[in-house]
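To start, the structure itself, in structure tokens.
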Amino acid sequence: MEIKLSPSILAADILRLESEVQSADRAGADYIHIDIMDGFFVPSLSFGFPVVRAVRSCTEKILDVHLMVSEPERYVERFVEAGADIVTVHVEACKHLDRVISQIQHVGAKAGVALNPATSLDTIKYLLDKVDMVLLMTVNPGYGGQRYIPYCTEKIRDLRKILDSCDRDIDLEVDGGVNRKNLAEIVSAGANVIVSGTAIFRGNIEENMREFQEIIKL
């Protein structure tokens with residue numbers, strides 16, 4: 001199983017965003033993860049369409065756009081127009097999740113569905129023939145730099161078993177508190193797309209990326 005790294009620019013220096021994204025790109029990032037927060041679904045505000053367009057202009061890597069917003073269907077088309085390649089929406093934020101997934105794919109992006117730590121995997125079992133990726137939050141969303149919630153490792157294992165039983169390839173992405181100490185555990189549990197912000201963008205980005213890649217290879 002190929003493991004992909006998706007550095008989250010939530011932890012990047014916004015004044016040096018272009019150079020930091022390009023450092024992650026050079027160091028072998030597979031995706032660039034962009035967290036969109038609206039101050040309603042989660043307590044923080046983050047980025048919008050201009051930042052997605054700006055990141056699109058400085059890298060050809062896949063833009064992995066995570067909508068932590070209420071009523072995400074209002075924004076899907078504009079984020080894809082801005083450059084999103086993958087759009088992920090939350091189970092908890094969608095009244096009609098099946099419709100939103102179809103909307104994402106209709107406008108030309110891959111569709112991901114995200115679950116908060118305490119949200120049951122049962123909420124997506126009827127949608128696995130449609131989604132391209134499932135994102136498990138391993139912190140309660142809204143702030144960067146939080147600690148990984150330990151019980152989420154079992155949830156990753158459970159989801160990997162479910163995905164392996166499907167007839168199609170579906171990525172399992174993990175986001176929240178991922179660092180050098182727990183990366184091997186998370187990958188071993190079955191995650192194949194790894195999101196990390198603080199552990200990559202704080203310090204030497206290229207060195208941090210190399211350390212993540214070395215752990216993944218073990």
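Counting from 1, the numbers follow the sequence of the chain as shown.
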Heavy-atom check, side chain of [X] versus side chain of [Y], under 4.5 Å:
X      : Y      : answer
Ile186 : Thr138 : no
Lys61  : Val21  : no
Ser8   : Asp35  : yes

Give the cluster check for [X] versus [Y]: same hydrophobic cluster or not, with ILVMFWY residues linked at side-chain heavy-atom distances below 4.5 Å.
X      : Y      : value
Phe79  : Met133 : no
Val193 : Ile156 : no
Val195 : Ile32  : no
Leu67  : Val134 : yes

How long is the gap from [atom1] on [X] to [atom2] on [Y], to the nearest 0.5 Å?
X      : Y      : atom1 : atom2 : result
Ile149 : Lys155 : CD1   : NZ    : 9.0 Å
Ile200 : Phe212 : CD1   : CZ    : 4.5 Å
Lys4   : Asn192 : NZ    : CG    : 6.0 Å

Query raised in the report: Stepwise, does the side-chain contact (heavy atoms from CB on, under 4.5 Å) test hold for Lys110 with Ile62?
Result: CA-CA 11 Å; Lys110 290 189 174 181; Ile62 290 170; over 6 Å; no
Query raised in the report: What class does the angle between the rings of His90 and His66 fall in, given that below 30° is parallel, 30 to 60° is tilted and above 60° is perpendicular?
Result: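 Parallel.
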**Report entry** Over all atoms of both residues, closest heavy-atom pair of Val139 and Gly176
**Finding:**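 Here Val139 and Gly176 meet closest at CG1-C, 3.6 Å.
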Query raised in the report: Between Arg26 and Ser23, is any side-chain donor less than 3.5 angstrom from a side-chain acceptor?
Result: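 Yes, a side-chain donor-acceptor pair sits under 3.5 Å.
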Query raised in the report: Taking atom types as modelled and ignoring hydrogens, do the side chains of Asn208 and Arg180 form a donor-acceptor contact shorter than 3.5 angstrom?
Result: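 Arg180 and Asn208 do have a side-chain donor-acceptor pair below 3.5 Å.
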Report task. Apply the test side-chain contact (heavy atoms from CB on, under 4.5 Å) to residues Leu10 and Ser46: give CA-CA distance (whole Å), side-chain angles for both, the deciding distance (0.1 Å), then the verdict. Result -> CA-CA 8 Å; Leu10 190 63; Ser46 62; 4.0 Å; yes
